[in-house]
Amino acid sequence: MLCPKCHQPLDDGDESYICCANASLQWRCTDCAKVSEGFALPYGLCPHCGGKLAVVNPRDIEGGAALDAVRKAFEIELGGQAFYQRAAADSTDPILRDLFGRFAAMEQEHMQTLRRRYHARALDSGDEFKLELAAIFAGVPNRPTDPANLFRIAIGMEERAATFFDSCAQANLADAGTQQLYRELAAEEREHADLLRTEYARWRAGKPGLLRAGDELAS
């Protein structure tokens, strides 16, 4: 079965869905005034300075409230993926480099799930993502010279994402399909936070990580 709007294949099942194909907006940073374009940007922050974004063009896309929720989900997943990629690239510790690299792959799987579900084409965050943007989202001070701070930021990100997805599930009680998707996403984020806490504790104790090359991460 194909989506009547964008003609992409629909997932099996009778649950309702939201098509976000071609839903793109322009955003102006209220701090640096730089204009960015896209359906979603990492954490909904300016990719250049981390400032707050405001919509430039009118919101004339269908189902504004529902699309806002989907866009926020994309923002979180884009931000998580970009953070793990940058953390892996910047880390001088081979254990942390490997761990964050595999968490980046995990977030990429989540993005594929959202793209398949909602037919949206979110932009890649690219190589210019700043770790301080993730710190702002996680509510954790950014300390570039402290490797342990990468764990604290990552755990804070996953916890905040779980809280957001839980709130979306509660807001969609009348839509069983969408509610279930958000509940699954929230459960995944909580599991990721628990995995990170375990890895953090073992790293601090000088023990090898439980997640090794070839292991399967929850997705």
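All figures in this text were calculated on a predicted structure; none of them were measured in a lab. Scope of the values below: all heavy atoms of this structure, side chains included, with no hydrogens, waters or symmetry mates.
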S.K.: Using side-chain hydrogen bond (donor to acceptor under 3.5 Å, both in side chains) as the criterion, list what pairs up with Gln170, not counting sequence neighbours.
M.R.: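 Applying side-chain hydrogen bond (donor to acceptor under 3.5 Å, both in side chains) to Gln170 gives none.
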S.K.: With sequence neighbours excluded, tell me which residues meet side chain to side chain contact (heavy atoms under 4.5 Å, CB included) with Thr30.
M.R.: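 By the side chain to side chain contact (heavy atoms under 4.5 Å, CB included) rule, Thr30 matches Lys52, Ala54.
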S.K.: Which residues pass the side chain to side chain contact (heavy atoms under 4.5 Å, CB included) test with Thr198, sequence neighbours left out?
M.R.: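 Counting only residues at least two positions away or on another chain, Thr198 forms a side chain to side chain contact (heavy atoms under 4.5 Å, CB included) with Arg202, Leu210.
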S.K.: How would you list, by chain and number, every residue that makes a ring-ring contact (aromatic ring centres under 6.0 Å, His included) with Tyr200, sequence neighbours excluded?
M.R.: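 Scan of Tyr200 (ring-ring contact (aromatic ring centres under 6.0 Å, His included), adjacent residues dropped) gives Phe151.
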S.K.: Could you work out, with salt bridge (charged side-chain N to carboxylate O under 4.0 Å, His left out) as the rule, every residue matching Glu107, not counting sequence neighbours?
M.R.: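 Glu107 satisfies salt bridge (charged side-chain N to carboxylate O under 4.0 Å, His left out) with no other residue.
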S.K.: Return the set of residues passing salt bridge (charged side-chain N to carboxylate O under 4.0 Å, His left out) with Arg28 (not counting sequence neighbours), or none when no residue passes.
M.R.: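 Result, salt bridge (charged side-chain N to carboxylate O under 4.0 Å, His left out) vs Arg28: none returned.
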S.K.: Got a sec, which residues hit salt bridge (charged side-chain N to carboxylate O under 4.0 Å, His left out) with Asp90, two or more places apart in sequence or on another chain?
M.R.: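 So Asp90 forms a salt bridge (charged side-chain N to carboxylate O under 4.0 Å, His left out) with Arg86.
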S.K.: What residues form a side-chain hydrogen bond (donor to acceptor under 3.5 Å, both in side chains) with Glu189, not counting sequence neighbours?
M.R.: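 Listed in chain order: nothing, the list is empty.
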S.K.: Show your reasoning for whether salt bridge (Lys or Arg N to Asp or Glu O under 4.0 Å) applies to Asp98 and Arg102.
M.R.: CA-CA 6 Å; Asp98 177 69; Arg102 282 180 286 114; 2.5 Å; yes
S.K.: By salt bridge (charged side-chain N to carboxylate O under 4.0 Å, His left out), which residues pair with Arg160, not counting sequence neighbours?
M.R.: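 If we apply the salt bridge (charged side-chain N to carboxylate O under 4.0 Å, His left out) test to Arg160, skipping adjacent residues, there are no hits.
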S.K.: Identify, with sequence neighbours excluded, every residue that meets side-chain hydrogen bond (donor to acceptor under 3.5 Å, both in side chains) alongside Asp31.
M.R.: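 Expected list: none.
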S.K.: I'd like to check the side-chain hydrogen bond (donor to acceptor under 3.5 Å, both in side chains) partners of Glu159; sequence neighbours left out, ordered by chain and number.
M.R.: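 In terms of side-chain hydrogen bond (donor to acceptor under 3.5 Å, both in side chains), with neighbours along the sequence ignored, Glu159 is linked to Arg197.
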